[in-house]
Amino acid sequence: MDTELLADALRALGDSLRYYRDMGLTDLALSPAYLASPADQLRTQEELLQGCLRCKLCEGRTTIVFGSGRAAADLVVIGEGPGAEEDQQGKPFVGRAGQLLTKMLESVKFDRAEDVYILNVVKCRPPGNRNPEPDEIEACGQFLAAQLATIQPKVILALGSVATQALLKTKEPIGKLRGRVHPYGAALLVPTFHPAFLLRNPGQEYKRMAWEDLKLARREYDRLRER
Ligand code: URA
C-alpha cells in the first residue's frame, strides 16, 4: 500500500476511535466497522436492534424507529422518542411535530432529506407519549452512541428538555440550556424547544427563541464546515 494511503487510513481510524471514545461507545458489537460506509454501518446497527428486549418499551411498540436521513450528515437532530405516527410508520418525526420540524429546518435552509440525520434518544414509543424514563434512555444509550460515532456530525440540534438533559447529563431546564452551544465530544450541541412544545405554546416569544437557536445552529454548521 502506498504510504500516503496508509497514513490517510490510519488518520481515519484514529478519528473514528476518538469519536467512539467521546460518544461513550463501549459495546464493541456496535462499534462501526470504520471501513464500511456510514450508510452500511447504520444499516448494520439497525439490524442489530431488531427484536430488542432491552427495556419495557418493547412491550407496547409496533415498530423500532431507528432514524432517517443522510448517513454522513454534518447536522444531526435528536428528539426524545417516537410518537404514535412514528411508531406506525417506523420513521422519526412524521407526525404534526415532524411537519413543524421540517419547516423549522427549512427556515434556516436545511433540507431535511439532504442535509440532516434525524433520530431519537429512545427508539420505541413510550406509552401514551409519556417521557422516556432514565432506565429506557440508558438501555438505548449504546445505540445512540453508535449512531453518532458513525455519522460524526459537526452540529447536534437537541429538541426539548428530555433529549438535551439526557445528552448533556444534566437536570437544568431547557430554558437555561438553550441559546448557546455546548461541547459534545467532537461536535457542538445546540439545544432548542421541542416542536411539540411549540405547537402547544404558540406564543411569539418561544417561536422567537427557537428561531434564534436555529440561526445559531446554522452559523456553527457553516463555520465548522469551512474549516
Ligand atoms: N417527538 C419526538 O421526540 N420524536 C419523534 O420522532 C416524534 C415526536
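Order of listing sets the numbers, starting from 1, for every ligand and every atom in it. It should be emphasised that the depicted structure is a prediction, and the values quoted were computed from it without experimental measurement.
The N/O atoms of Pro82, backbone and side chain alike, include none that comes under 3.5 Å of an N/O atom in ligand 1. For ligand 1, the polar-atom distance check against Glu86 finds no nitrogen or oxygen pair separated by under 3.5 Å.
The nearest non-hydrogen atom to atom 2 (C) of ligand 1, considering only Gly79, Gly67, Gly81, comes from Gly81. Taking only non-hydrogen atoms, the option from Asn120, Val94, Leu159 nearest to atom 6 (O) of ligand 1 is Asn120.
For atom 8 (C) of ligand 1, the nearest protein heavy atom (residue, atom name, distance) is Phe93 CE2, 3.8 Å.
Within the 4.5 Å cutoff, the side chain of Arg218 has heavy atoms near those of the Lys109 side chain. Put simply, the side chain of Trp211 reaches to within 4.5 Å of the side chain of Lys215, judged on heavy atoms.
Between the side chain of His194 and the backbone N or O of Glu80 there is no donor-acceptor pair closer than 3.5 Å. Side-chain atoms of Gln41 come within 3.5 Å of backbone N or O of Ala36 as a donor-acceptor pair.
Per-residue contacts place His194 under 4.0 angstrom from the following atoms of ligand 1 (heavy atoms of the residue considered): 1 (N), 2 (C), 3 (O). For ligand 1, the atoms closer than 4.0 angstrom to any heavy atom of Pro92 are 6 (O).
A donor-acceptor contact closer than 3.5 angstrom is absent between the side chains of Gln89 and Thr63.
Smallest separation of non-hydrogen atoms from Val122 and Pro82: O-CD, 3.2 Å.
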